[in-house]
Student: 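One structure follows; several queries about it will come next.
None of the values given here were measured: they were computed from a predicted structure.
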Amino acid sequence: MPSNATQNSLVLPMLGLLVEEPAHGYDITTRLRQRYGHLSVTRSTVTSLLKTLEKACLISSRLPERVGNRPPRTAYELTSAGLADFRHRVEAGVRDTVAASVDFVMAVAYVGVLPIDQAASILDGRADRLDQELAALSGLPDGDVLEVHMLEVAYWRTIVAAEAAWIRNLVRRIRSHEISWPAQQTDQHRSAEA
């Protein structure tokens, strides 16, 4: 675990679940396991992170409530600082993480929290960066080396090219409004609301 627990890779999806609705630790643990089977999720880690996030004022706890025969449980909800932090984490994750990383997957899972135009722009920038990485990979000398000794380069070229193509298609779908967006936060819609 990072020395600063708020940098734990579970924080972004935990905040994302709290954007959807307030929840108690058991519920968050269960939903994380259901949605993100590739993440290592334990109830004790989630409980510790909830306490850390509360101390950082990113979430707040509600008074414990009893549901049915179950013991009282404390539900948590996102604070306005938590929502701002979550948006920042999503933006940075989409923009700055390495290709084919779990951090990118977690960030893009919640890209809908950003205004649509901002999300499309950040994704476009990522695709441009991946295209530059692909160009650099294409410039690697491989003529003097047996192909079997350069398989990882060919593999990485394929991965980077596939992610760039997927992102370009996603941006096209976002801009054409083929993908529904929460609150449709485009410049046009903001102007219409004013």
Side-chain angles (χ1 to χ4, degrees), residues 2 6-21 31-41 78 82-143 145 147-194:
T6 62
Q7 299 305 311
N8 186 297
S9 62
L10 289 177
V11 168
L12 188 130
M14 285 175 62
L15 294 175
L17 293 176
L18 292 174
V19 164
E20 295 172 11
E21 63 183 339
R31 289 167 51 206
L32 284 171
R33 286 176 180 160
Q34 288 172 343
R35 284 195 196 178
Y36 308 113
H38 61 281
L39 296 177
S40 176
V41 180
L78 217 55
L83 181 59
D85 181 77
F86 177 65
R87 286 184 173 138
H88 172 75
R89 287 172 190 266
V90 169
E91 180 180 342
V94 169
R95 184 187 58 236
D96 301 330
T97 55
V98 297
S101 67
V102 171
D103 292 333
F104 172 69
V105 173
M106 291 293 93
V108 81
Y110 294 103
V111 75
V113 74
L114 301 175
I116 192 170
D117 297 331
Q118 180 185 11
S121 177
I122 292 168
L123 285 161
D124 252 345
R126 181 180 181 85
D128 290 344
R129 181 174 58 83
L130 292 173
D131 286 344
Q132 291 171 359
E133 184 176 340
L134 191 57
L137 286 170
S138 297
L140 288 177
D142 55 8
V145 180
E147 181 180 2
V148 72
H149 298 303
M150 296 295 289
L151 291 176
E152 75 283 3
V153 175
Y155 169 79
W156 196 243
R157 283 179 188 147
T158 302
I159 295 300
V160 172
E163 185 173 314
W166 182 83
I167 290 172
R168 296 254 185 245
N169 187 52
L170 177 62
V171 169
R172 179 195 58 75
R173 294 180 66 218
I174 289 170
R175 288 199 168 128
S176 70
H177 302 285
E178 185 180 327
I179 295 177
S180 298
W181 210 260
Q184 289 297 319
Q185 300 173 353
T186 63
D187 290 334
Q188 296 170 345
H189 289 93
R190 282 193 293 270
S191 299
E193 292 172 359

Student: Under the side-chain contact (heavy atoms from CB on, under 4.5 Å) rule, collect the residues that match up with V148, sequence neighbours excluded.
Tutor: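 If we apply the side-chain contact (heavy atoms from CB on, under 4.5 Å) test to V148, skipping adjacent residues, the hits are L146, L151.
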
Student: Keeping to residues at least two apart or across chains, list the ring-ring contact (aromatic ring centres under 6.0 Å, His included) pairs with something in residues 112-135.
Tutor: none

Student: Could you tell me which residues satisfy side-chain contact (heavy atoms from CB on, under 4.5 Å) with V102, sequence neighbours excluded, listed by chain and number?
Tutor: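 V102 satisfies side-chain contact (heavy atoms from CB on, under 4.5 Å) with H38, L39, M106 only.
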
Student: Are the side chains of L170 and V108 in touch, meaning some heavy atoms are under 4.5 Å apart?
Tutor: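 Sidechains of V108 and L170: in contact.
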
Student: Mind checking side-chain contact (heavy atoms from CB on, under 4.5 Å) for E20 and listing every partner two or more places apart, or none if nothing turns up?
Tutor: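 side-chain contact (heavy atoms from CB on, under 4.5 Å) list for E20, sorted by chain: L17, R31, R35, Y110.
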
Student: Which heavy atom in A127 sits nearest to a heavy atom in I167, and how many Å separate them?
Tutor: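 Smallest interatomic distance, heavy atoms only, reads CB-CG2, 3.8 Å.
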
Student: Compare every heavy atom of A109 with every heavy atom of Y36, then report the nearest pair and how far apart it is.
Tutor: OH-CB, 4.1 Å

Student: Under the side chain to side chain donor-acceptor pair (under 3.5 Å) rule, collect the residues that match up with Q118, sequence neighbours excluded.
Tutor: E91

Student: State which residues pass side chain to side chain donor-acceptor pair (under 3.5 Å) with R33; sequence neighbours excluded, sorted by chain then number.
Tutor: none

Student: A107 and V90: which non-hydrogen atoms are nearest, and at how many Å?
Tutor: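 Taking every non-hydrogen atom into account, O-CG1, 3.5 Å.
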
Student: Can you sort out the partners of R168 under salt bridge (charged side-chain N to carboxylate O under 4.0 Å, His left out), two or more places apart, ordered by chain and number?
Tutor: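 Testing R168 for salt bridge (charged side-chain N to carboxylate O under 4.0 Å, His left out), a comparison that skips the adjacent residues, returns D124, D128, D131.
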
Student: Does R89 use its side chain to pair, donor to acceptor, with the backbone of P13 at less than 3.5 Å?
Tutor: no

Student: Of all the heavy-atom pairs spanning L78 and L15, show the shortest one and how long it is.
Tutor: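 Between these two residues, the closest heavy atoms are CD1-CD2, 3.5 Å.
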
Student: Write down the atom of P182, the atom of G112, and the distance for their closest heavy-atom approach.
Tutor: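 Looking at all heavy atoms of both residues, the closest pair is CG-O, 3.6 Å.
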
Student: Carefully, step by step, assess V111 and W181 under the rule side chain to side chain contact (heavy atoms under 4.5 Å, CB included).
Tutor: CA-CA 10 Å; V111 75; W181 210 260; 3.9 Å; yes

Student: List for me each residue that meets salt bridge (charged side-chain N to carboxylate O under 4.0 Å, His left out) alongside R172, sequence neighbours excluded, and say none if there are none.
Tutor: E178

Student: Going by salt bridge (charged side-chain N to carboxylate O under 4.0 Å, His left out), name the residues that satisfy it together with D96, two or more places apart in sequence or in a different chain.
Tutor: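 With sequence neighbours excluded, D96 shows a salt bridge (charged side-chain N to carboxylate O under 4.0 Å, His left out) to no residue whatsoever.
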
Student: Which value, rounded to the nearest 0.5 Å, describes the distance between M150 atom CE and E152 atom CD?
Tutor: 6.0 Å

Student: Can you list everything that forms a salt bridge (charged side-chain N to carboxylate O under 4.0 Å, His left out) with E163? Sequence neighbours excluded, please.
Tutor: R126

Student: Just verifying a value: how many Å separate D117 CG and I122 CD1, rounded to the nearest 0.5 Å?
Tutor: 11.0 Å

Student: With sequence neighbours left out, which residue pairs that include part of residues 98-107 fulfil the salt bridge (Lys or Arg N to Asp or Glu O under 4.0 Å) condition?
Tutor: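 Sorted pair list comes back empty.
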
Student: State, to 0.1 Å, how close R129 and T97 come at their nearest heavy-atom pair, and which atoms those are.
Tutor: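 Looking at all heavy atoms of both residues, the closest pair is NH2-O, 2.8 Å.
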
Student: Looking at side-chain heavy atoms only, is the closest gap between V113 and L83 below 4.5 Å?
Tutor: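 Yes, close enough: below the 4.5 Å cut-off.
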
Student: According to side-chain contact (heavy atoms from CB on, under 4.5 Å), who are the partners of V160, at least two apart in sequence or on a separate chain?
Tutor: A99, L130, E133, L134, L137, W156

